[in-house]
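Residues take their numbers from the sequence shown, with the count starting at 1. Every number for a ligand or one of its atoms is a count from 1 in the order of the listing. Everything quoted here is computed from the prediction, not taken from an experiment.
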Amino acid sequence: MNITVVGVGHVGLVSAAAFARWGHDVVGYDDDAAKVATMQGGAPWFYEPGLQELLSEVTEAGRLRFTSDSDDALRDAEIVFVCVGTPPLPGGGPNLSYVEAVGRTVVAQASRELVLVEKSTVPANTGRRLEQVIARETERLGLEHAIHVASNPEFLKEGAAVEDTLHPDRVVYGTSSDFARDALRAVYAPLVEQDGCPVVETDVASAELIKHASNAFLATRISFINAVAQICDRVGADVQTVAEGMGHDVRIGHRFLQAGLGYGGSCFPKDVDAFAHLASQVGYEFGLLDEVRDINAGQRAAVIRKLEHELWHLNGKTIALLGAAFKPGTDDLRESPALHLADDLIALGAEVRIYDPVALPNVEVQRPDLPRAETIDAALAGAHAAVVCTDWDDIKKIEPQRFLEGLAYPIVIDGRNVYDPEAFIGAGLRYHSMGRTSVA
Ligand code: UDX
């Protein structure tokens with residue numbers, strides 16, 4: 001099929017490459033000409049394992065190209081995937097004006113009947129709104145060809161985006177016409193034939209809800225285990241063993257029960273807010289989600305309490321923050337717990353020094369005010385304490401001796417539970433983790 005992907009961010013770019021790998025002819029469109037130029041040069045504009053190789057393969061095969069000319073992008077499109085940003089608004093809801101703008105542009109430039117697919121995460125009812133915009137514009141411009149609205153949420157995780165997209169757990173699409181359903185079947189047919197991937201075909205509002213409900217549920221699991229970690233800290237239990245014991249129950253499972261500094265990223269914080277906002281708009285107060293959000297923020301407060309327990313006042317103290325990205329495998333800093341913690345520490349008068357193996361160039365651009373350390377040792381040198389914020393491999397491999405030699409005081413707060421408490425305490429460190437054995 002002739003596919004156009006509008007917006008070549010994390011979801012759009014990886015999806016475009018996957019569609020091309022499945023044999024479709026794909027155009028990636030973005031109105032950010034600099035991003036398009038970077039990708040025309042053959043390089044993804046963000047770090048994602050395996051993406052460079054996949055892009056080279058499909059662009060060399062002539063199945064994926066990029067443009068910042070909307071007419072060129074939309075002229076031959078049979079199906080258009082909307083992957084533009086839906087950033088949060090002050091009231092908690094997402095800003096859907098970019099989605100609406102794509103709807104108008106597609107109506108103005110489409111030359112045939114086509115399907116417009118929401119892939120960006122949007123609240124239930126966005127499809128109806130888009131249909132309204134399209135109907136009005138179609139009538140105003142006196143056009144004949146129909147534009148069908150569909151929802152096809154994306155479930156990829158950053159750092160594993162290529163693998164998640166090429167081999168998803170499931171494909172979900174919601175449509176309100178046979179034309180749209182058949183087009184989405186054709187898009188995913190190669191994947192379903194190769195992988196036997198389960199497909200959920202539904203209506204547009206249910207597909208939209210599946211995405212919000214999935215992300216809110218995963219965030220709830222993380223906050224649940226973080227609340228359990230708080231109890232573990234107080235009763236001397238070990239949250240990792242508790243999670244392991246829970247996870248053997250097949251109804252619960254092991255994944256997304258890793259306690260720590262909490263969740264960040266472009267999806268969970270925004271989607272929990274947006275889902276609570278939508279619920280409230282339709283007359284249901286989803287208080288559970290408020291609690292999920294509060295528990296998440298409380299994990300940073302717990303780290304500060306542990307630091308204050310060791311250092312008394314944080315004013316004038318230097319804290320080494322190990323990791324800046326919101327999780328390993330990405331250079332994405334959006335809603336990163338590390339950066340929120342940095343702000344909290346600075347507000348208390350502390351100085352921070354932040355290290356990350358991949359994301360420092362983004363820290364330099366996005367948070368030039370934060371002092372950076374190019375190496376782990378430079379971050380530790382003379383600092384009063386270190387906090388593990390992101391569980392990158394090189395951070396996980398730090399031996400107790402390296403902390404002892406580098407830090408001014410031997411204090412380590414393991415915000416991601418990556419070290420062996422016995423080994424660290426045994427080596428003479430004041431070691432604290434999140435819901436596991438600590439020194440105090
Ligand atoms: C998430 C969803 O997993 C994905 O399906 C959706 O499409 C987009 O949002 P992503 O934000 O890329 O993906 O990363 P994810 O691996 O889900 O991690 C999100 C955050 O939760 C990270 O900050 C991570 O450190 C944290 N996390 C994850 C935990 O604190 N504990 C866990 O057990 C798992």
Could you list the donor-acceptor pairs under 3.5 angstrom formed between side-chain atoms of residues 157-164 and any protein atom two or more places apart in sequence or on another chain?
residue: Lys157; atom: NZ; partner: Asp164; partner atom: OD1; Å: 3.3
residue: Lys157; atom: NZ; partner: Asp164; partner atom: OD2; Å: 3.0
residue: Glu158; atom: OE1; partner: Thr330; partner atom: OG1; Å: 3.1
residue: Asp164; atom: OD2; partner: Lys157; partner atom: N; Å: 2.8

Could you check ligand 1 for N or O atoms lying under 3.5 Å from protein N or O atoms and list the pairs with distances?
residue: ligand 1; atom: 5 (O); partner: Phe155; partner atom: O; Å: 2.7
residue: ligand 1; atom: 7 (O); partner: Glu154; partner atom: O; Å: 3.4
residue: ligand 1; atom: 7 (O); partner: Phe155; partner atom: O; Å: 3.4
residue: ligand 1; atom: 7 (O); partner: Leu156; partner atom: N; Å: 3.4
residue: ligand 1; atom: 7 (O); partner: Leu156; partner atom: O; Å: 2.8
residue: ligand 1; atom: 7 (O); partner: Lys211; partner atom: NZ; Å: 2.8
residue: ligand 1; atom: 12 (O); partner: Glu158; partner atom: N; Å: 2.6
residue: ligand 1; atom: 14 (O); partner: Lys327; partner atom: NZ; Å: 3.1
residue: ligand 1; atom: 16 (O); partner: Lys327; partner atom: NZ; Å: 2.8
residue: ligand 1; atom: 23 (O); partner: Gly264; partner atom: N; Å: 3.0
residue: ligand 1; atom: 23 (O); partner: Phe326; partner atom: O; Å: 2.8
residue: ligand 1; atom: 30 (O); partner: Arg416; partner atom: NH1; Å: 3.4
residue: ligand 1; atom: 31 (N); partner: Gln258; partner atom: O; Å: 2.9
residue: ligand 1; atom: 33 (O); partner: Leu257; partner atom: N; Å: 3.3
residue: ligand 1; atom: 33 (O); partner: Gln258; partner atom: N; Å: 2.8

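Phe403 is listed as a side-chain neighbour of Phe424, based on a closest heavy-atom distance under 4.5 Å. Contact annotation: the side chain of Asn362 never approaches that of Tyr47 to less than 4.5 Å [non-hydrogen atoms, C-beta and beyond]. Put simply, the side chain of Leu339 reaches to within 4.5 Å of the side chain of Ile354, judged on heavy atoms.
Sorted by first then second residue, the side chain to side chain donor-acceptor pair (under 3.5 Å) pairs that include residues 197-221, not counting sequence neighbours, are Arg170-Ser214, Tyr173-Glu201, Arg185-Glu201, Asp203-Ser206, Asn215-Asp271. Screening residues 12-26 for side chain to side chain donor-acceptor pair (under 3.5 Å), with sequence neighbours left out, gives Arg21-Glu57.
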